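Since the structure is predicted, the reported quantities are computational estimates derived from the model, not experimental observations. A, B, ... follow the sequence lines: proteins, then strands. Residue 1 opens every chain.
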2 protein chains.
Amino acid sequence: MLSFSEENHLKSIFHLSIDQKNGVSTNAIAESLKTKAPSVTDMLKKLCDKELITYKKYQGALLTEYGRKTALNIIRKHRLWEVFLVEKLNFNWSEVHEVAEQLEHIKSQKLTNELDKFLGYPTKDPHGDPIPNIAGFIKYTTKVLLSDLSIGEKGKFVGVKDSSSAFLKFLDKRKIALGSNIEILHIEDFDDSLHIGLDETNLSISIKSANNIYVTKI
Amino acid sequence: MLSFSEENHLKSIFHLSIDQKNGVSTNAIAESLKTKAPSVTDMLKKLCDKELITYKKYQGALLTEYGRKTALNIIRKHRLWEVFLVEKLNFNWSEVHEVAEQLEHIKSQKLTNELDKFLGYPTKDPHGDPIPNIAGFIKYTTKVLLSDLSIGEKGKFVGVKDSSSAFLKFLDKRKIALGSNIEILHIEDFDDSLHIGLDETNLSISIKSANNIYVTKI
DNA sequence: AAATATTTTTAGATTAACCTAAAAATATCG
DNA sequence: CGATATTTTTAGGTTAATCTAAAAATATTT
Ligand SMILES: [Mn+2]
Ligand SMILES: [Mn+2]
Ligand SMILES: [Mn+2]
Ligand SMILES: [Mn+2]
């Protein structure tokens, strides 16, 4: 039975492994978990003993297949709970992450799988992130940053890169919601801000925002 | 923010306080939490510092009003989650306790209250125990043990005293479910076993079983 | 009320999960 | 490539939550 801390380290290593060939660095993990490097080193030794990661001193951490499956199960739970909170309990997408961070550690296979069934086997969480299935299979969608589109190109808003509460609330205020259709109308030379068509309206957003919005080209 | 262990101690003290005038004993708490007395003594000091209980050496523990409210909130969450698991996720009443022991520690007022709303503000959990409302008010029903009824008396099954998985499964097997109407037909002199009318059928149960079944007289 | 039994607390140890400071290894740069 | 900077590990310490063994307080029994 893994502790919350062990589970959080695994999850962190998983997320930091995306587009990372070599091992995940101690410092990166420490930063993502808001702890210090020596704490991470201790934990890496423990996870290595438990065969959840491979780890050699100074070489960073890599998930084993068993570790990967374990991490995916935690992420599966996190995202299923986020769906539950939004779909059934009237939470806003900006409020769910904190609670899901707690719920993801509940240990009950039956709970996870019945929740999945109850929700109708959702494939995406409220932020557009894919939900691993019971076997740990994850279906990735091809997506690009809004800032990668050129003038005249159109995309559908399918996810956020920064899923901080602040950014999500900002999107709510601008009525930019998952599923919105976005067209690049103009890019300002001066500050790289984008003038976009959003469904039936037009508005301007900063390059920083555009760097955190994922779209599929249409 | 209370730790899981602090919350479990509070809950234990609450349950052991029912029909108990003087303080709850160290040993009773230790037994209920499957820890040892010295661990409990340590925790009582801490809970006393936090003003959740009053505690004087050798005199046992008593909840303060603040401690009582806190305990009731944990019990409220436990029982709401049990309802959720049975009503929405196809759990049997014999499977929910263990998972609810985990879920009761999730910290989110909004989650608890939205869950309550989602479930239609239930007043009883799957074992017939009352669910405290948001204000910590608990509505007790007058109930007696089945073994307290005399021959010819009738009662409605409204709760279990022993809510162990084993006993609940035993009741399932006998088709004794909450809401069943029970009449005492005969009491065996030899071993005190009870011959009962259960809805449309008859069967025999041991005195031990009858000592763990709560009914309201009808 | 004294002797005995039981309960509770204290003393001191252990483990997990963190930390800071310093040493060691690796990476970068002139 | 050697000097310097950065990263990572080691060493050693802290806190929370547990434990065992022993001492102290309370309760029960003769
Ligand atoms: Mn999240
Ligand atoms: Mn999410
Ligand atoms: Mn329960
Ligand atoms: Mn219950």
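Scanning for side chain to side chain donor-acceptor pair (under 3.5 Å) contacts around A:N113 gives A:R76, with sequence neighbours left out. Scored by the side chain to side chain donor-acceptor pair (under 3.5 Å) test, A:S163 finds no partners at all (sequence neighbours excluded). Partners of A:R79 by side chain to side chain donor-acceptor pair (under 3.5 Å), not counting sequence neighbours: none found. Residues passing the ring pair (Phe, Tyr, Trp, His ring centres under 6.0 Å) test with A:H127, sequence neighbours excluded: none. Partners of B:D42 under the side chain to side chain donor-acceptor pair (under 3.5 Å) rule, at least two apart in sequence or in another chain, do not exist in this structure.
In this structure, CE of A:M1 is placed 16 Å from P of C:dA16, rounded to the nearest angstrom. Rounded to whole Å, the distance from CD on B:E7 to P on D:dA16 is 16 Å. A straight line from CD of A:E31 to P of D:dT8 spans 12 Å, rounded to a whole angstrom. Atoms CG (B:L33) and C1' (D:dT18) sit 12 Å apart, rounded to a whole Å.
Of the side-chain N and O atoms in B:K36, one or more sit less than 4.0 angstrom from OP1 or OP2 of D:dT20. When the side-chain nitrogen and oxygen atoms of B:S5 are compared with OP1 and OP2 of D:dT18, one or more of them lie within a distance under 4.0 Å. Side-chain N/O atoms of B:S25 include none lying less than 4.0 angstrom from OP1 or OP2 on C:dT7. The side chain of A:K45 places no N or O atom within less than 4.0 Å of a non-bridging phosphate oxygen (OP1 or OP2) of D:dT9. Taking only side-chain nitrogens and oxygens, A:N27 never comes nearer than 4.0 Å to OP1 or OP2 of D:dT6.
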task: May I have the step-by-step check of salt bridge (Lys or Arg N to Asp or Glu O under 4.0 Å) for B:E7 and B:K107, ending in yes or no?
output: CA-CA 11 Å; B:E7 293 194 342; B:K107 271 108 181 158; 3.3 Å; yes

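Checking B:A28 against A:T35, the closest nucleotide of DNA chain C that is more toward the 5' end is the one next to B:A28.
Taken residue by residue, residues 48-64 of chain B places heavy atoms nearer than 4.0 Å to DNA chain D at B:Y58. Sorted by residue number, the members of residues 37-44 of chain B with any non-hydrogen atom under 4.0 Å from DNA chain C read B:A37, B:P38, B:T41.
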Identify all side-chain donor-acceptor contacts of residues 52-59 of chain A below 3.5 Å with residues at least two apart in sequence or on another chain.
unit_1: A:T54; atom_1: OG1; unit_2: A:L62; atom_2: O; d: 3.4

Quick one: side chains of residues 28-37 of chain B, donor-acceptor pairs under 3.5 Å with protein atoms, not counting sequence neighbours, listed by atom name and distance.
unit_1: B:S32; atom_1: OG; unit_2: B:S12; atom_2: OG; d: 2.6
unit_1: B:S32; atom_1: OG; unit_2: B:I29; atom_2: O; d: 3.3

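Relative ring orientation between A:F4 and B:F4 is described as perpendicular, the plane-to-plane angle rising above 60° on a 0-90° scale split at 30° and 60°.
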